[in-house]
Structures are given as C-alpha cells and as structure tokens.
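I have placed the structure first, in the form of structure tokens, so that the comments after it can refer back to it.
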Number of protein chains: 2
Amino acid sequence: MESTAPLPAKGRPREFCVDEALSKALGVFWAKGYEGASMADLTDAMGITKPSLYAAFGNKEALFHKALDLYEAEKLAYTREALKQPTARGVAEHFMRGAIEAQTSTCDPKGCLGVISAAACGAEAESIKADVIARRASSQEALIERFRQAKRDGDLPDHVEPESLTLYLYAILQGMAVQSGSGASRAELERVVETSLMMWPTA
Amino acid sequence: MESTAPLPAKGRPREFCVDEALSKALGVFWAKGYEGASMADLTDAMGITKPSLYAAFGNKEALFHKALDLYEAEKLAYTREALKQPTARGVAEHFMRGAIEAQTSTCDPKGCLGVISAAACGAEAESIKADVIARRASSQEALIERFRQAKRDGDLPDHVEPESLTLYLYAILQGMAVQSGSGASRAELERVVETSLMMWPTA
DNA sequence: TCGATTCCATAACAATCAGTATATATGCGT
DNA sequence: ACGCATATATACTGATTGTTATGGAATCGA
C-alpha cells in the first residue's frame with residue numbers, strides 16, 4: 001500500500017482542489033438530486049471542465065458516491081454524537097435537533113440528501129438508491145443496538161422493541177426531511193420534535 | 001358553461017380512453033417521478049402516440065397535474081374516510097393503516113406520489129413541487145380542524161396543539177412513504193404504526 | 001360526395017444529456 | 001534541453017429530452 005503523502009507528482013499539477021470541488025458537487029447534488037444535477041451544473045459549480053471532472057472522479061455516479069461519503073462524514077456527524085447520549089430519549093432528541101440544524105442551515109440546501117436520493121427514482125439511479133438504502137440500513141443498525149443497550153439500562157419500557165422504535169424514529173426524521181425540503185420553517189420542524197418528545201416512552 | 005355530456009363529436013373520434021390513458025400515466029409518474037418519467041415512457045405505457053398525448057392533455061406538466069388529481073381522488077380516498085373516525089386516535093390509525101395499503105399495494109408502485117414529487121427537485125419541476133405542497137397544505141388544514149374538534153370533544157389532552165400533532169402525524173406518514181419507496185416491507189411499516197399508536201396521547 | 005373537423009402516425013425539431021477525442025499547456029527527472 | 005506524464009481547453013460524439021410540423025385517415029353535417 002502506498003501512503004497518501006505528497007507523491008513526487010509526475011505530470012502537470014492540477015489547478016483545483018479536489019476536496020473543494022467535491023464539496024461544491026455535494027451542494028449541487030443536495031440541491032437538485034442525482035438526476036436533476038447535470039454535468040454542466042456540476043462543472044459550473046465546481047469551477048472545472050468536464051475532462052477534469054472525469055479525470056479526478058471517474059464519472060457522475062462515482063462523483064455522487066464520493067459526495068455521499070462527504071455528506072455522511074460532515075453533515076451527518078451529529079448522528080454519531082447522538083448515539084453517545086446517556087439516555088434513549090437524549091439520543092432521540094439529539095437526532096431530531098441535529099436533523100433540524102442540518103436540514104435548515106442557511107448555508108446549505110434544505111432537506112436531506114439521503115431522502116432526496118432515495119425518492120428520486122429514475123431507472124439509471126438504481127445503483128444510487130441501493131447505496132443510499134444500504135447506508136441507511138447500517139446507520140439504523142447502530143441505533144437499534146443503542147436502544148438495546150437502553151433497555152438493558154432500564155431506560156426504555158419492556159414492551160418497547162428497539163427495532164420498532166428505530167423504524168419509528170427514522171420515519172419521523174425522514175418526514176422532517178420531506179417537510180424541510182418542501183419549505184417547512186424551522187419552527188414547524190421544532191413542533192414536530194416537541195410533539196415527538198412529549199410522547200416519548202418513559203421507563 | 002357546456003355540459004360534459006356526449007357532444008355531437010365533430011371530427012374523427014379518438015381511439016383510446018382518456019381516463020384509462022391517464023391512469024397508465026399516473027402509474028408511470030408514481031413509479032419514476034415527474035422528471036424520471038420521459039414522454040417515451042408515458043406514451044409507451046399509455047399506448048398512444050405523442051401527438052395524441054399532447055392533443056388530449058396539453059403537455060407533460062398538465063398531464064402530471066391531472067394524474068395528481070386522479071391520485072388524490074382514487075388513492076388518497078382513505079384520508080377523507082379517516083377524518084370521519086370518531087376519535088383522534090382512530091383518525092390517526094386510519095391515516096396510517098390506509099397509507100400502508102396505498103403504499104405497499106402489489107398492483108401499484110411503492111411509496112407516495114406526493115412525497116416522491118416533492119423530493120424530486122429539478123429546476124423545471126418547481127411548478128410541480130408547488131402544486132404538491134399546496135395540496136398537502138390544504139389536506140393538513142382539514143386534519144388540524146379535525147384535531148381541534150377532538151379537543152372540543154375532550155378526545156385529546158389540553159396540552160396537545162392540533163397544529164403540532166398534525167405536523168407530527170404527517171411526518172410519520174411521509175417517513176413511511178420514504179421507507180416504503182425504499183423497499184421497506186409491510187411488516188416494517190406496521191411496526192412504525194404500532195409504535196406510533198402505542199405513544200398516542202390519551203386524554 | 002363534399003368540405004370541415006378532428007384524429008393518428010411518422011418524422012423532424014432544437015436543446016440537452018453523459019461522456020470523450022484531440023490538441024495544447026505545464027511540470028518533473030534526466 | 002529533451003522526453004515523459006499528467007492536466008486543461010475546445011469541440012465533438014451519439015443518444016435522449018420535450019415538443020411540434022406534416023400528411024393521411026376517419027367521422028361528421030350538408
């Protein structure tokens with residue numbers, strides 16, 4: 001294996017920052033969806049030409065997967081933080097309040113890239129959908145495990161199943177994403193969160 | 001105003017049934033989204049040629065709005081039934097179980113056309129999105145009014161706000177649509193519903 | 001049977017799609 | 001200074017997008 005350290009750099013050096021360009025691409029995919037984002041949109045926002053894009057990222061699909069990596073790493077960091085909260089209720093609250101922040105930030109597109117990409121369902125986007133669904137499943141698995149721990153902690157009532165509670169919480173989060181992507185205000189999303197927390201099961 | 005009764009029918013009669021063709025078009029939009037559905041897809045499924053489509057429906061956008069009308073009238077009929085349930089809890093349960101039926105029927109595409117169309121966010125689809133959002137708002141208004149009545153009936157706790165409860169229930173419904181559109185099984189959706197009902201506020 | 005009228009079918013339209021071929025520019029080691 | 005390797009810029013590819021013009025076919029009232 002080769003280190004990622006600065007290699008000798010044989011040929012002509014590229015004139016743009018790959019990470020920065022990827023971040024711009026993420027913004028376009030987030031705002032317009034996978035199919036809605038054209039290569040012209042992408043190269044425009046990234047400030048590079050098409051051959052440069054293909055050389056650096058492969059093709060549109062590969063670019064999207066890398067943008068999804070970045071999205072998970074940066075914009076979904078709060079989900080990993082949420083799992084560390086001491087109570088199941090705290091976990092849920094951190095998830096939902098983090099979702100509000102991520103989905104209504106004024107410097108980012110509205111809504112959730114995962115939900116947008118899973119809902120956009122052209123035929124060519126099947127591999128995109130599969131990737132998003134797989135990532136969601138793995139993220140749900142972590143939450144299920146966290147709720148199992150909560151039950152062992154006596155933090156959740158006996159009659160609550162971690163799998164069901166996870167599906168339920170994810171439904172709320174996805175619903176919030178749909179609403180924020182449809183122009184819902186932060187105040188409206190907060191009402192959803194307050195209502196959810198009001199009903200959260202107590203041990 | 002002219003009656004819709006069979007006019008003398010001046011020229012050559014059309015060789016296809018408009019309602020049937022519209023129903024086929026709805027299926028395509030439902031399965032592939034507004035932007036994902038091409039005119040070729042549509043004419044293929046409808047069994048007509050492009051000029052016939054344009055003559056009968058105007059253009060792609062007008063066709064979509066009419067398909068949305070049909071969707072509301074046929075596939076969302078359960079929501080009007082739900083509002084008639086005697087208790088707020090019954091209303092919510094009817095909404096959610098109706099959503100399961102509508103979103104996992106084996107003879108229809110999975111998921112909810114409204115959610116799919118609101119999430120698909122190309123630039124050209126702005127008018128589509130606006131239509132879907134407006135219809136959702138009007139449907140939410142009816143549910144808010146129903147929950148207000150429930151409060152007057154002493155059917156909901158005092159501290160529950162009809163607006164918040166509506167946003168919350170819609171979030172769950174939209175989340176279920178996202179999940180069913182992403183391959184969730186009926187059993188998984190039923191877990192969401194059971195969990196939601198378990199937490200439903202009692203007066 | 002004759003317009004008049006409306007429909008269907010084929011083919012074309014300009015625009016856009018994702019992706020690439022070609023040519024030129026820039027850096028390295030030698 | 002030379003070749004090698006890589007990046008950039010322009011222009012192009014074939015396919016597909018939504019939409020429409022054209023020509024023939026079908027049904028009407030007269």
Side-chain angles (χ1 to χ4, degrees), chain A residues 2 4-22 24-25 28-29 32-67 117 120-128, chain B residues 2 4-22 24-25 28-29 32-67 117 120-128:
Chain A
E2 196 58 58
T4 60
L7 296 183
K10 289 248 187 127
R12 173 177 173 177
R14 62 162 48 99
E15 299 173 355
F16 65 95
C17 168
V18 175
D19 291 344
E20 197 174 322
L22 182 59
K24 296 289 190 184
V28 177
F29 282 130
K32 318 185 79 167
Y34 174 71
E35 309 202 61
S38 72
M39 296 301 292
D41 292 330
L42 290 164
T43 52
D44 253 30
M46 299 164 84
I48 63 178
T49 61
K50 279 199 268 186
S52 296
L53 191 156
Y54 278 83
F57 301 101
N59 60 10
K60 188 184 178 183
E61 183 173 330
L63 175 62
F64 181 86
H65 290 298
K66 282 167 187 162
S117 308
C121 27
E124 51 166 334
E126 213 53 49
S127 135
I128 302 300
Chain B
E2 197 59 58
T4 59
L7 295 183
K10 288 246 190 125
R12 172 177 174 178
R14 62 163 47 98
E15 300 173 353
F16 64 95
C17 167
V18 175
D19 291 344
E20 197 174 322
L22 182 59
K24 296 290 189 183
V28 176
F29 281 130
K32 318 185 79 166
Y34 175 71
E35 309 203 61
S38 72
M39 296 300 293
D41 292 331
L42 291 164
T43 52
D44 249 33
M46 300 164 84
I48 64 177
T49 61
K50 287 200 256 186
S52 297
L53 191 157
Y54 277 84
F57 301 101
N59 60 10
K60 186 183 179 184
E61 183 173 331
L63 174 61
F64 180 86
H65 291 296
K66 283 168 187 161
S117 307
C121 28
E124 52 165 336
E126 214 54 48
S127 135
I128 301 301

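In what follows, chains are A, B, ... by sequence order, proteins preceding strands, each numbered from 1.
- Panel note: side chain A:Asp41, backbone A:Ser38; a donor-acceptor pair is recorded below 3.5 Å.
- Atom-to-atom, CG of B:Leu42 to C1' of D:dT16 comes out at 14 Å; the value is rounded to the nearest Å.
- Distance, B:Lys60 NZ to D:dT20 C1': 17 Å, rounded to whole Å.
- One can place CG of A:Asn59 at 14 Å from C1' of C:dC17, the figure rounded to the nearest angstrom.
- The OH atom of B:Tyr54 sits 16 Å away from the C1' atom of C:dC8 (whole-angstrom rounding).
- Looking at heavy-atom distances under 4.0 Å, A:Ala37 makes contact with sugar-phosphate atoms alone, never a base.
- Taking atom CD of residue B:Glu61 and atom P of nucleotide D:dT19, one finds them 9 Å apart after rounding to whole Å.
- In this structure, B:Glu35 atom CD and C:dA18 atom P are separated by 12 Å, rounded to whole Å.
- For the pair A:Ser38 and C:dC17, the criterion of a side-chain N or O lying under 4.0 Å from OP1 or OP2 is met.
- Taking the six-membered ring where the residue is Trp, A:Tyr34 and A:Phe29 present parallel rings, their angle staying beneath 30° rather than reaching 60°.
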Worksheet, complete the sentence: Letter by letter from the 5' end, nucleotides 2-15 of chain D scores (B base, S sugar-phosphate only, - none; protein heavy atoms under 4.0 Å) ---BBBSBB-----
Review item, side-chain donor-acceptor pairs of residues 15-22 of chain B, under 3.5 Å, at least two apart:
from	atom 1	to	atom 2	distance (Å)
B:Glu15	OE2	B:Arg12	NH2	2.9

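- In this structure, the CG atom of A:Asp41 is 13 Å from the C1' atom of C:dA18, given to the nearest Å.
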